[in-house]
Amino acid sequence: MSSDLAEFIRGLPKAELHIHIEGSLEPELIFALASRNGVQLAYPSVEALRAAYAFTNLQSFLDIYYAGASVLITEQDFFDMAWAYFERAHADSVIHAELFFDPQTHTERGIDIGVVIRGLKRACDAAEAKLGIRARLILCFLRHLSEDEAIATLNAAKPYLADIIGVGLDSSEVGHPPEKFARVFAMARELGLHVVAHAGEEGPPEYIWSALDVLQVERIDHGVRSLQDERLMQRLIASGMALTVCPLSNIKLCVFQQLGEHNLRRMLERGVRVTINSDDPAYFGGYIHQNYLETAAALELGRDQLIQLARNSLEAAFTSAAERRADLARLATYCTKA
Ligand code: ADE
Ligand code: ZN
């Protein structure tokens with residue numbers, strides 16, 4: 001890869017639509033927060049923790065990810081975590097970010113949902129004011145827990161609905177199909193929230209169908225199993241459905257063995273609205289720029305395809321028509337100058 005192309009990617013105005021903010025907790029910050037809050041960790045050092053980041057599948061990652069999140073106690077902790085992410089995103093020319101957060105990971109430990117949301121919202125406001133990043137929050141339900149617990153979480157979030165743009169569905173996929181959450185997603189839609197869901201990361205194409213048909217999602221998170229089902233591909237292409245793909249995550253979690261085998265380029269060339277995102281950057285070897293960079297190198301993506309990926313992200317963002325126009329104009333200006 002030429003340094004020109006790397007620089008072009010770095011400056012490309014882009015949206016990040018699939019980032020679990022708890023997955024941006026770097027080991028150094030995990031240790032700093034553990035020390036600040038008197039939390040005992042299972043690893044003796046930053047190096048030992050990082051050395052444990054050798055995953056064989058989604059569950060092997062989630063076990064460590066939930067343990068890492070146990071250091072988050074105060075509103076300031078949530079602010080500090082999100083602010084660290086925004087500084088990195090800004091360096092990667094992210095102009096719009098939609099952050100997933102997992103309230104149940106925290107409320108299960110006795111942390112009030114208000115502590116979580118207030119800390120994150122304060123960081124979103126600071127990102128807008130100080131970095132010019134438009135930042136939004138998407139509340140995710142943990143799919144390994146029951147739908148009743150998801151409903152209780154949505155109810156607990158009601159005082160904060162003005163601070164949330166949507167709901168999502170994450171955690172262990174196989175055995176927890178989207179239709180398990182039909183009622184809570186209907187309630188969320190009724191409240192005027194946007195809806196997205198992880199589907200087709202490890203789970204089969206049928207889960208993507210039910211995310212679309214039962215949950216009525218507006219984007220699919222991952223969705224890399226779509227290529228196994230031609231009728232599904234036709235549906236995605238015809239409807240302009242966006243997929244928030246996370247290439248480095250897919251390698252770390254062994255969804256693909258190597259980046260050169262990833263199907264992102266094939267989906268892009270078929271006309272699927274694919275985007276590139278980081279998922280859990282502290283655990284998977286890089287933030288959004290690194291995902292663009294390594295994917296471009298492995299799949300030999302050219303400038304036009306990289307621009308298309310950035311355009312897809314800005315078009316698939318939950319923005320107003322005026323915001324989308326402004327974002328796309330910013331991309332066009334960049335591309336004529338760069
Ligand atoms: N939670 C955090 N990262 C996730 C992923 N890649 N899939 C499902 N749930 C997650
Ligand atoms: Zn994810």
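Both ligands and their constituent atoms are indexed starting at 1 by order of listing. Values below: every heavy atom of this structure, side chains too, minus hydrogens, waters and symmetry copies. All residue numbers in this chain count up from 1 along the given sequence.
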Quiz item: Hey, which protein N/O/S atoms does the Zn ion (ligand 2) have under 2.8 Å?
Solution: H18 NE2, H20 NE2, H198 NE2, D279 OD1
Quiz item: Is it true that H222 lies under 4.0 Å from ligand 1, counting heavy atoms only?
Solution: yes
Quiz prompt | Under 3.5 Å side-chain donor-acceptor pair for H106 and E22 | solution = yes
Practice problem: Give the atoms of ligand 1, by number and element, whose distance to some non-hydrogen atom of L62 is under 4.0 Å. | Solution: 1 (N), 10 (C)
Quiz item: Heavy-atom distance to atom 8 (C) of ligand 1: which of A69, S171, C140 wins?
Solution: S171
Practice problem: Pick out which of N250, I276, N312, N263 makes a side-chain contact (heavy atoms from CB on, under 4.5 Å) with V245. | Solution: N250
Quiz prompt | Within 45° cone and under 6.0 Å: K121 NZ/CZ vs Y160 ring | solution = no
Quiz item: Going by atom types alone, do R311 and Q308 pair a side-chain donor with an acceptor below 3.5 Å?
Solution: yes
Quiz item: Between L58 and ligand 1, which part of the residue brings a heavy atom under 4.0 Å of the ligand: side chain, backbone, both or neither?
Solution: side chain
Quiz item: Do Y65 and F61 make the cut of ring centroids closer than 6.0 angstrom?
Solution: yes
Quiz item: Counting each atom of ligand 1 from 1 as listed, which ones have a heavy atom of F61 under 4.0 Å away?
Solution: 2 (C), 3 (N)
Quiz prompt | Contact list for residues 293-304, test side-chain hydrogen bond (donor to acceptor under 3.5 Å, both in side chains), sequence neighbours left out | solution = Q290-E294
Quiz prompt | Those residues that, when tested against E315, pass salt bridge (charged side-chain N to carboxylate O under 4.0 Å, His left out) (two or more places apart) | solution = R273
Quiz item: In the protein, what heavy atom is nearest to atom 3 (N) of ligand 1, and what distance, to one decimal place, separates them?
Solution: D280 OD2, 2.6 Å
Practice problem: For this output row, return yes or no: ring centroids of H176 and H144 closer than 6.0 angstrom. | Solution: no
Quiz item: Other than F100, which residues form its hydrophobic cluster under the rule that side-chain heavy atoms must be closer than 4.5 Å?
Solution: I138, I165, V196, F318
Practice problem: Would you confirm whether H262, through its side chain, and P247, through its main-chain N or O, come within 3.5 Å as a donor-acceptor pair? | Solution: no
Quiz prompt | Identity and separation of the nearest protein heavy atom to atom 7 (N) of ligand 1 | solution = E201 OE1, 2.7 Å
Quiz prompt | Heavy-atom nearest neighbour in the protein, as seen from atom 6 (N) of ligand 1, with distance rounded to 0.1 Å | solution = D279 OD2, 2.7 Å
